[in-house]
Amino acid sequence: MEATKPIQPQAKPQAKKQPTNKKNVKGIKNAFLVIIVCFVVAVCLFLFFFGNPSHFDPESFEGATANWTVWGIDKAHPVDLIGTIFKGGIIVPVLQTLFLTVIVLSVERWIALSSAKGKGNTAKFVAAVKNCLAKNDIAGAQDLCKKQKGSVAAVVAAALVRYEEMDKNTVLTKEQKVATLQKEVEEATALEMPALQQNLPIVATMTTLGTLVGLLGTVIGMIKSFQALSNSGAPDSSALSTGISEALVNTAFGIATGAFAVISYNFYTNKIDNLTYAIDEIGFSIVQTFAATH
């Protein structure tokens, strides 16, 4: 009788490693938290910096005491611009919140788009990748992507992986391969665009919202001024000056917020357009190179 051979355990098929999707654009995901923090900072600045008694005439305090309160300083006369800003009223912290939010998100976009740009010059990177494609040096182009990093390199790297797959594919026709490669470039670009444009809609909203809130504060200040003028007898000069200060301060903050938001939005939109143009250019080159060499 022949000895039965021991049954060897079958090797389990190794699971394919899923590619890790690394974030190519660093940025703040939850802008609502930024607004909350900016509001807290704005209220603290309004109460403890702009409303500090050192910015007001001590003789103008009504029943001045050692313990200062916002209500005790309400009718005091400011002696500098900081005290005048405090007289702008309750709308001032709201405008300061909007202004600080624009500043924080502008800095955040600068950091995010700097990481999206990559380590080297984007134009030189695109030219170098084109040279590698002209020589059919796919490995060299992939090495350039690893060194460059950023959104443009991520799109190129994804397209080059599909380029190699289509190069080895013997089933699909040339037209199908070109279409597949074009689709890969479009999908990779679509994955990168939301991260590039993140938080910019909020900055765009601040361009209008800052102006409107400033206008609201201006109208409230003018209403107070006209109420002081409408009083019988001599008008209350303190109430009149308070209303005028509130109107002018809110106007200034609203214009500053809207102007800075417009500049920031247009600046970063232009940078995103340049990155998008580079992505489109190199994607088109990859597709055309494949079509010409296959």
Side-chain angles (χ1 to χ4, degrees), residues 13-29 107-200 266-294:
Q14 296 181 351
K16 295 182 179 180
K17 294 183 179 180
Q18 296 296 331
T20 56
N21 295 325
K22 296 183 179 179
K23 298 292 183 182
N24 299 300
V25 182
K26 300 177 182 178
I28 299 175
K29 292 183 178 180
V107 174
E108 181 266 345
R109 281 295 88 191
W110 176 270
I111 297 173
L113 293 181
S114 296
S115 65
K117 180 182 177 183
K119 293 185 176 181
N121 184 274
T122 304
K124 292 182 179 179
F125 168 72
V126 172
V129 171
K130 284 184 177 181
N131 291 333
C132 290
L133 291 176
K135 301 175 184 178
N136 199 25
D137 184 11
I138 306 302
Q142 290 175 336
D143 290 337
L144 289 174
C145 294
K146 294 178 181 178
K147 295 178 181 178
Q148 177 71 14
K149 297 183 179 181
S151 295
V152 180
V155 173
V156 175
L160 291 177
V161 171
R162 187 67 67 183
Y163 189 103
E164 285 187 324
E165 292 179 359
M166 294 298 101
D167 188 30
K168 299 175 182 178
N169 189 292
T170 57
V171 178
L172 299 178
T173 63
K174 177 180 178 180
E175 290 75 12
Q176 291 175 327
K177 293 179 180 179
V178 172
T180 302
L181 187 58
Q182 179 66 37
K183 183 180 179 182
E184 180 65 27
V185 173
E186 293 175 354
E187 290 179 352
T189 304
L191 290 175
E192 295 293 329
M193 289 307 296
L196 295 177
Q197 297 176 344
Q198 190 176 17
N199 294 331
L200 276 184
N266 290 333
F267 176 77
Y268 290 118
T269 299
N270 182 62
K271 291 180 71 69
I272 292 174
D273 289 341
N274 292 336
L275 287 175
T276 304
Y277 175 76
I279 291 174
D280 292 340
E281 180 184 4
I282 192 63
F284 179 78
S285 297
I286 292 174
V287 175
Q288 291 303 313
T289 300
F290 185 89
T293 55
H294 291 74

Can you tell me how far OG1 of Thr122 sits from CD of Glu281, rounded to the nearest 0.5 angstrom?
-> 11.0 Å

Does the side chain of Cys132 come within less than 4.5 Å of Leu144's, by heavy atoms?
-> yes

CD1 on Ile286 to CD on Gln182, rounded to 0.5 Å = 10.0 Å

Donor-acceptor contact present, side-chain Lys271 to main-chain Leu113, <3.5 Å | no

Evaluate the side-chain proximity of Ile272 to Met193: yes if any heavy-atom separation is below 4.5 Å, no if none is.
-> yes

Which class fits the ring pair Phe267 and Trp110: parallel under 30°, tilted 30 to 60°, perpendicular over 60°?
-> parallel

Short side-chain to backbone donor-acceptor contact, Lys130 and Ile282, under 3.5 Å | no

Euclidean distance, Leu200 CG relative to Glu108 CD, rounded to 0.5 Å | 8.5 Å

Over all atoms of both residues, closest heavy-atom pair of Phe290 and Met166 = CZ-CB, 3.6 Å

Arg162 bridged to Glu165 by N-O distance under 4.0 Å | yes

Gap between atom CD of Gln148 and atom CG of Asn121 - 0.5 Å precision | 8.0 Å

Minimum heavy-atom distance Cys145-Ala157, with the two atoms named | SG-N, 3.8 Å

Do the side chains of Ile138 and Gln142 get nearer than 4.5 Å, heavy atoms only?
-> yes

Check step by step if side-chain contact (heavy atoms from CB on, under 4.5 Å) holds for Leu133 and Leu160.
-> CA-CA 10 Å; Leu133 291 176; Leu160 291 177; 4.0 Å; yes

Shortest non-hydrogen contact between Val185 and Gly283, atoms and distance | CG1-CA, 3.8 Å

Taking every heavy atom of Ala116 against every heavy atom of Leu196, the minimum-distance pair comes out as CB-CD2, 3.4 Å

Taking atom CG of Asn274 and atom OG1 of Thr269, what is their separation to the nearest 0.5 Å?
-> 11.0 Å

Gln197 side, atom CD; Glu192 side, atom CD - distance, nearest 0.5 Å | 12.0 Å

Any idea which heavy atoms bring Lys147 and Lys119 closest together, and the distance?
-> O-CD, 3.6 Å

